[in-house]
*Asks:* 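Okay, handing you the structure first.
Computed from a predicted model, the values in this text were never measured in an experiment.
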Amino acid sequence: MELGVHYANFSYPGWDTRLTEQLSATAQAAEAGGAELFTVMDHWFQMENMGGPPEPMLEAYLSLAHVAALTDTIRLSALVTGGTYRHPGLLAKTVTTLDRLSGGRALLGIGAGWYEREHVGLGVPFPPTAQRFERLEETLQICLQMWSDDDGAYDGAHFRLAETVCVPPPLARPHPPIMIGGAGERKTLRFVAQYAQWCNIFGETPEVMDHKLSVLRGHCDTLGTDYDAIRKTMILPADPLLDVDAFVALMGQYAALGIELVTLTPHGDDPVAWTERVCADVLPALQQL
C-alpha cells in the first residue's frame, strides 16, 4: 500500500506569514519521504467543519502548479475537483497544463461538487443534485475527448463545444489518470467503472468498503470494463502516529480488499514534521502489506 498526503488545512500556527512555506515544505517532505501522491482540496471557502470561510483557503490548481515547480516525482491532484467549479473544456486545459509543467505528474481527481455556501457566496451557479451528476458525466466525456485524437464538436445536454482542441496534449499517456471521489452506488461508482482509472472512497469500515468495492465490480461487469485495472484508493481522517501498529493492522484489512493507496491529512500544528514522521515510521510498514 502506498501513501498520499492531503493538504486540507491552511490554518497552521503562523499561517499569515508562513502559509506558502508550510504548503511547499509539506509537499517536499512527502516527496522526500516516498509518498506517491500530494493533494489539495478544490474549494474556494474552507469547509464548515474546519472553520468555514473565515479560515484561509488557496485555489487548488494554482497551488498545485506552485508545488509542481518545487518537486520532481510526486503525483499531484485536487482531492477532488468540483464538477461545478469550472467549464469542462477549461478544466481539461488546466489539468493538461499542470501535467505538462509537472513532467506528466497530474491526476484529475473529480466529483460532483457539494459545498453550496461557496457557490452562493461567490456567485457561481449550484445546480440541483441530479443536474450536478449529469454535468459531471459530461465533464468526464469532454475531458476524455479533449485528450483523444478527436478534436471535433461535443454536443451534450448541458455543455456544447464547437472544437475540443487541446494543444499541447498531456504528457501522460494515454491521458492523465482520472480519479473519481465518492462512493454513491448508483451513479458515482458507475462513473468510476465507465470513465476512471482510480477511485477514492472515504474511509468506511472494512465491511462497508468491501461492499462498495463489490458494487464497483458489479458495474464493471455490467459495462464490460476491467475491475482489476482500476486503482482503489481511500482517504482517512485518522492520525496513524497515535498508534502505528494498530493503524498498520487496520490498513492490512483494507489492503486485503484491494486498496492500494491511503491518503492522510496532517495532524497537529506542524504539517512538515508530521509528514516526515509518517513517511519514516508508517510508510515502510504500509508498503509491506
*Asks:* Working note: W274 + D239, criterion side chain to side chain contact (heavy atoms under 4.5 Å, CB included); need CA distance, chi angles, decisive distance, verdict.
*Replies:* CA-CA 9 Å; W274 182 92; D239 183 357; 3.0 Å; yes

*Asks:* Is it the case that the side chains of T222 and R190 hold a donor-acceptor pair, with the cut-off being a distance below 3.5 Å and no angle test?
*Replies:* no

*Asks:* For H6 versus P266, what's the shortest heavy-atom pair and its separation?
*Replies:*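 H6 and P266 have their closest heavy atoms at O-CD, 3.2 Å.
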
*Asks:* Suppose the criterion is salt bridge (Lys or Arg N to Asp or Glu O under 4.0 Å): which pairs have a residue in residues 255-275, not counting sequence neighbours?
*Replies:*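 Salt bridge (Lys or Arg N to Asp or Glu O under 4.0 Å) check on residues 255-275 returns R231-E260.
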
*Asks:* Ignoring hydrogens and angles, tell me if any N or O in the side chain of Q253 forms a donor-acceptor pair with the backbone of T205 under 3.5 Å.
*Replies:* no

*Asks:* Please tell me if the side chains of V5 and T263 come closer than 4.5 Å, counting only heavy atoms from C-beta onward.
*Replies:*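 In short, these two side chains do not touch, never coming nearer than 4.5 Å.
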
*Asks:* Using ring pair (Phe, Tyr, Trp, His ring centres under 6.0 Å) as the criterion, list what pairs up with F10, not counting sequence neighbours.
*Replies:* Y7

*Asks:* Using a strict 4.0 Å threshold on nitrogen-to-oxygen distance, state whether E2 and K232 make a salt bridge.
*Replies:* no

*Asks:* Within the structure provided, determine whether P127 and T84 are in side-chain contact (heavy-atom separation under 4.5 Å).
*Replies:* yes

*Asks:* Does L108 reach the side chain of P177, with side-chain heavy atoms less than 4.5 Å apart?
*Replies:*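 Counting from C-beta outward, L108 and P177 never come under 4.5 Å.
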
*Asks:* Given T71 and R105, is the side chain to side chain donor-acceptor pair (under 3.5 Å) satisfied, shown in steps?
*Replies:* CA-CA 10 Å; T71 55; R105 293 185 280 140; 2.8 Å; yes

*Asks:* For W44, which residues count as a ring pair (Phe, Tyr, Trp, His ring centres under 6.0 Å) partner, sequence neighbours excluded?
*Replies:* Y85, H119

*Asks:* Within the distance-only criterion (no hydrogens, no angle test), does the side chain of E59 pair as donor or acceptor with the backbone N or O of Y61 below 3.5 angstrom?
*Replies:* yes

*Asks:* What are the two closest heavy atoms between P206 and L250, and how far apart are they?
*Replies:*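 Heavy atoms of P206 and L250 come nearest at CG-CD1, 4.1 Å.
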
*Asks:* Under a plain distance cut-off of 3.5 Å, with no hydrogens placed, do E185 and H211 share a side-chain donor-acceptor pair?
*Replies:* yes

*Asks:* With clusters defined by side-chain heavy atoms of hydrophobic residues (ILVMFWY) lying less than 4.5 Å apart, directly or transitively, does L236 cluster with L37?
*Replies:*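 Each belongs to a different hydrophobic cluster.
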
*Asks:* Between L216 and C199, what is the shortest heavy-atom contact and its length?
*Replies:* CD2-SG, 4.3 Å

*Asks:* Between I230 and A193, which heavy-atom pair has the shortest distance, and what is it?
*Replies:* CD1-CA, 4.1 Å

*Asks:* Would you indicate whether R173, at its atom CZ, is surrounded by more than 12 heavy atoms from other residues, nucleotides or ligands within a distance under 6.0 Å?
*Replies:*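 Enclosed: over 12 neighbouring heavy atoms sit under 6.0 Å from CZ of R173.
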
*Asks:* Holding to ring pair (Phe, Tyr, Trp, His ring centres under 6.0 Å), I want the full list of residues that pass it with H175, two or more places apart in sequence or in another chain.
*Replies:*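 Once residues adjacent in sequence are excluded, the partners of H175 under the ring pair (Phe, Tyr, Trp, His ring centres under 6.0 Å) criterion are W147.
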
*Asks:* Could you go through the side chain to side chain contact (heavy atoms under 4.5 Å, CB included) check for Y115 and D42 one step at a time?
*Replies:* CA-CA 10 Å; Y115 194 2; D42 190 22; over 6 Å; no

*Asks:* When you compare the side chains of D151 and T164, does any donor N or O come within less than 3.5 Å of an acceptor on the partner?
*Replies:* no

*Asks:* Within a 6.0 Å radius of atom CZ on R277, are there more than 12 heavy atoms belonging to other residues, nucleotides or ligands?
*Replies:* no

*Asks:* Of all residues at least two apart in sequence or in a different chain, which pass the ring pair (Phe, Tyr, Trp, His ring centres under 6.0 Å) check with F202?
*Replies:* none

*Asks:* Do the non-hydrogen side-chain atoms of C279 and T275 ever get within less than 4.5 Å of each other?
*Replies:* yes

*Asks:* Starting from the C-alpha separation in whole Å, work towards a yes-or-no answer on side chain to side chain contact (heavy atoms under 4.5 Å, CB included) for L161 and H87.
*Replies:* CA-CA 10 Å; L161 287 69; H87 190 283; 3.9 Å; yes

*Asks:* OG/S214 to CG/L257 distance, rounded to the nearest 0.5 angstrom?
*Replies:* 8.5 Å

*Asks:* Where is the tightest heavy-atom contact between P240 and V278, given as atom of each residue plus distance?
*Replies:*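 So the two residues come closest at CG-CG2, 4.0 Å.
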
*Asks:* Less than 4.5 Å apart, any side-chain heavy atom of I178 and any of W198?
*Replies:*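 No, too far: nothing below the 4.5 Å cut-off.
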
*Asks:* Please assess I110 against L91 for the test side chain to side chain contact (heavy atoms under 4.5 Å, CB included), listing each intermediate value before the final yes or no.
*Replies:* CA-CA 10 Å; I110 192 165; L91 174 62; 3.9 Å; yes

*Asks:* Roughly how far, to the nearest 0.5 Å, is the NE2 atom of H158 from the OG1 atom of T139?
*Replies:*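 It is 9.5 Å, given to the nearest 0.5 Å.
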
*Asks:* Going from CD on Q46 to CD on E118, what distance comes out if it is rounded to the nearest 0.5 angstrom?
*Replies:* 9.5 Å

*Asks:* Is E138 paired with R160 through a side-chain N to carboxylate O contact shorter than 4.0 Å?
*Replies:*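 Here R160 does not pair with E138 in a salt bridge, since their nearest N and O are not under 4.0 Å apart.
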
*Asks:* With the 4.5 Å side-chain cut-off for hydrophobic clustering, are L79 and M1 part of the same group?
*Replies:*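 No; tracing contacts between hydrophobic side chains, which count when under 4.5 Å, never links both residues.
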
*Asks:* Please tell me whether L107 and L3 are part of a single hydrophobic cluster in this structure, the criterion being side-chain heavy atoms less than 4.5 Å apart.
*Replies:* no

*Asks:* Quick one: OG1 on T225 to OH on Y195, what's the gap to the nearest 0.5 Å?
*Replies:*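 Here the interatomic distance stands at 11.5 Å.
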
*Asks:* Could you tell me if the side chain of P169 sits less than 4.5 Å from the side chain of M146, heavy atoms only?
*Replies:*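 No - every pair of side-chain heavy atoms lies 4.5 Å or more apart.
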
*Asks:* Using modelled atom types and a 3.5 Å cut-off, is there a donor and acceptor pairing between side-chain atoms of R132 and backbone atoms of G113?
*Replies:* yes

*Asks:* Enumerate the side chain to side chain donor-acceptor pair (under 3.5 Å) contacts for residues 24-34, please, sequence neighbours excluded, ordered by first and then second residue.
*Replies:*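 Sorted result for residues 24-34: S24-H66, E31-T73.
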
*Asks:* Side-chain contact, heavy-atom cut-off 4.5 Å: V40 with L58?
*Replies:*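 A side-chain contact under 4.5 Å is absent here.
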
*Asks:* State the CD1-CD distance between I142 and E137, to the nearest 0.5 angstrom.
*Replies:* 11.0 Å

*Asks:* Taking L213 as the starting point, is it possible to reach I180 by hopping between hydrophobic residues whose side chains are less than 4.5 Å apart?
*Replies:*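 Shared cluster, yes.
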
*Asks:* Taking side chain to side chain contact (heavy atoms under 4.5 Å, CB included) as the criterion, tell me which of D99, L171, L98 meets it with P176.
*Replies:*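 Among D99, L171, L98, the one meeting side chain to side chain contact (heavy atoms under 4.5 Å, CB included) with P176 is D99.
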
*Asks:* With a 4.5 Å cut-off on side-chain heavy-atom distances among I, L, V, M, F, W and Y, is there a chain of contacts connecting L101 to L70?
*Replies:*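 No, separate clusters.
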
*Asks:* Looking at OH of Y154 and CG of L144, how far apart are the two atoms once the value is rounded to the nearest 0.5 Å?
*Replies:* 10.5 Å

*Asks:* Please check if atom CG in D16 has more than 12 non-hydrogen atoms from other residues, nucleotides or ligands closer than 6.0 Å.
*Replies:*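 Counting other residues, nucleotides and ligands, CG of D16 exceeds 12 neighbours.
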
*Asks:* Can you find a pair of side-chain heavy atoms, one from Q141 and one from Q145, that are under 4.5 Å apart?
*Replies:* no

*Asks:* Minimum heavy-atom separation for M179 to S77, with atom names?
*Replies:*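 Minimum heavy-atom contact is CE-OG, 4.3 Å.
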
*Asks:* Please determine if K212 and E204 form a salt bridge, counting it only when a charged side-chain N lies under 4.0 Å from a carboxylate O.
*Replies:*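 E204 and K212: not salt-bridged.
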
*Asks:* Decide if atom CD of E163 counts as having more than 12 heavy atoms of other residues, nucleotides or ligands within a radius under 6.0 Å.
*Replies:* no

